[in-house]
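Everything on this sheet refers to the single structure shown next.
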Number of protein chains: 2
Amino acid sequence: MKHKYEEVEESIINWAVTAKFKPHEKIPTESELMKMFNVSRHTIRKAIGDLVSMEYVYRIQGSGIYISDLAEDKENLKNTKNVAVLTTHISNYIFPSIIKGMEDTLYLESYSLLLSSTNNNVMFENSNLKNLLAHKIDGLILEPTKSAYPSQNIGYLNNIISRNIPFVTINASYSELNVPSLRVDDFKGGKLAANHLISLGHTRLMGIFKVDDSQGINRMNGFISECQSNNIPPSPWQILTYLSEEIGSSLPSKIENALKTKKRPTAIFCYNDEIAYITLTIANNLNIKIPEELSIIGFDDSHLAVMMQPNLTSISHPKEQMGKDAANLIIKLINNNNSFDAGDSILYEPKLIVRESTCKNIAKH
Amino acid sequence: MKHKYEEVEESIINWAVTAKFKPHEKIPTESELMKMFNVSRHTIRKAIGDLVSMEYVYRIQGSGIYISDLAEDKENLKNTKNVAVLTTHISNYIFPSIIKGMEDTLYLESYSLLLSSTNNNVMFENSNLKNLLAHKIDGLILEPTKSAYPSQNIGYLNNIISRNIPFVTINASYSELNVPSLRVDDFKGGKLAANHLISLGHTRLMGIFKVDDSQGINRMNGFISECQSNNIPPSPWQILTYLSEEIGSSLPSKIENALKTKKRPTAIFCYNDEIAYITLTIANNLNIKIPEELSIIGFDDSHLAVMMQPNLTSISHPKEQMGKDAANLIIKLINNNNSFDAGDSILYEPKLIVRESTCKNIAKH
DNA sequence: ATAAATTTGTGCGTATGTATC
DNA sequence: GGATACATACGCACAAATTTA
């Protein structure tokens, strides 16, 4: 047997959803409800109080109890699922491709998509996570911010896990958390890039790496590993590292200095196509010919690669597909009560795309 | 003097935010609270009941009352504003540019951005609006869906207005609603395109227009108006209209048929660069040389324009700037208690960008 | 325009049920 | 099993806002 207040609540919700009483229409008074349900005023007040906090009805002192204007939709809303997507960027660079994959997939399955971005700023990741937790979300696709460092927001992520909200990461993963991740094999990508340059006869290699996310660290380690395998011991000046915040400030002059040295590199592997573009521009200003005097290879195979002159050799990976896969996985988890195993994670194979910005080493030693 | 239950609530909220009791920590029992505040059990239960529905605390029958894990953040969340953005698309075509403008601006002002898309589907606009209304949003930037037709979702939009939630539209506007709108002068854009083709000596003009959004209607009217001003009376076969849903299905064959006619046009104005690209591809297949045998002009000056061979002549307008302006306007409205006037709307001036896809008419008559 | 009636809001007391420890 | 603590339920009195006569 149900509690009495529950019976009252269910009846009134029923009035609302069947439009027996329409939005803003007055329903019976407390004393009438007492008689109708044969219960005390306390019970009626408890029931109405619950309905008010659920926003099915609202009360006006001295006037009456009225149906809320959203009451009819409440039941439908229970069936529309919200997937939150929190990435470092939304509208820049390769992110539209990734998000397009998610958007298309989620649209087909009638899911709603809530997108936010962190600008690779931990504080913003924090406030966005809080915000999402306050909303009712049914799943979360997260690109970790500053993934090279231990996450300061691990508490919120654990909160999501403890609430059993389906949760997957893209582009990077958390060693502390057991959640499926979809990411590129950046280590292998770094090896591929180094191998390409070495096979072209280059020995004075340089790598430029972002070191505040794990993608950069992995690409750097792959690059160094491949150099060592080919007996090209990496020396400190071969590796230029930077943080996200430096892109607009100190990084360009660092690159310029590296290109001004007498024994400048004959080939550079850049963290991504954006850095490759910056490097190309600096080389142009220094009258260094690409690729004859300097080979440049990027990463991500973005639209920038074919917009640059010369077209950029780059490491490619399936961006839109990762978005699709992430969306399909989160849908699967939502339908499966969040049960997953190691097989749900995907490590994408990077692929070398040779264009015009790399060529055989013709420097005189 | 406050009500007693309010005093109890405030004290307990204070315990939570000052971390006198930490998340998941047990607070005094109901009878202890009765003694502490010198009130009845009923008053304590009323206070705790409110705090439960506000998610500051949770109760376990037989055990006690505990601080919720989000309690500490509740106060901060009141200060983070959420701006919802609902557009037809997010990650396609010119939308990343528009959204980048919003994202950058809102990020700088510490606003959170909630993005959703409708795919130009009225049902999806409907469910997304419901969803946003259920969430707590502080402002809405909306691109109307199927803006050539009277909006079926006008009820929800009126709901937003009656709640005094700041609300602006982009790309199109609602004649039924008094809200600021930021949009391109599509009529003038249509005139510009027609004028360019006519000034190149073309007289057999054709226009391809999407007619389920007002942008297409306005561009068509501008095109026709300019033709008439130049004594080139538009005949039915000069105007090809289509609906969003036809792009992947019947539209290409319609275009192909138009290009196969004996007296085919010597110049075509396309609703946007995507349609221009489709038209160009069809023309290529029919061995029609662009621009020698057929001039093509697009609209939007998207990235497609410079990716096509030959580069596309197009009508340009400030996309990222519109995003920035929309974000700044919604921030202003949020800070100004939603007071606006006609001066807040912006009509952007379209600009002709001549590239390689249009040339003088050299067809023999 | 005012007073009375109606309706919701606050607050106290009591009894009994049920889950936890 | 017993004590504790929250949950449900009834009743009463008065306050405050609104509606109606």
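To find a chain, count down the sequence lines: A is the first, B the second, and so on, and within it residues start at 1. Model, not experiment: these values are computed from the prediction.
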message: On the nucleotide C/dT10, are OP1 or OP2 found under 4.0 Å from the side-chain N or O atoms that B/Thr43 carries?
response: no
- prompt: Between the main-chain N or O of B/Thr118 and the side-chain N or O of B/Glu125, is there a donor-acceptor pair closer than 3.5 Å?
  reply: no
Most 5' of A/Ile60 and B/Ile27 on DNA chain D, judged by nearest nucleotide: B/Ile27
Check: A/Glu30 side chain, C/dG9 base, donor-acceptor under 3.5 Å: no
task: Taking all heavy atoms of B/His24 and all of B/Tyr58, pick out the closest pair and write down the distance.
output: ND1-OH, 2.9 Å
message: Of the listed nucleotides (C/dG13, D/dT19, D/dC6), which one gets closest to any side-chain atom of B/Arg59?
response: D/dC6
- prompt: Counting distance only, does the side-chain N/O of B/Asn335 pair as donor-acceptor with the main-chain N or O of B/Ile331 below 3.5 Å?
  reply: yes
task: Report yes or no: does B/Asn120 contribute a side-chain atom to a donor-acceptor pair with the main-chain N or O of B/Lys146 at less than 3.5 Å?
output: yes
query: Has the side chain of A/Arg41 got a donor or acceptor that lies under 3.5 Å from a partner of the other kind on the base of C/dG9?
result: yes
query: Of the nucleotides C/dG9, D/dT8, D/dT18, which has the atom closest to the A/Arg45 side chain?
result: C/dG9
statement: Against the side chain of B/Gln61, the closest entry in C/dG17, D/dA15, D/dA5 is C/dG17
- request: Indicate, with a heavy-atom threshold strictly under 4.0 Å, whether B/Ile48 touches base, sugar-phosphate, or nothing.
  value: nothing
query: Which of the following nucleotides, C/dC12, C/dG11, D/dG11, is nearest to the side chain of B/Val39?
result: C/dC12
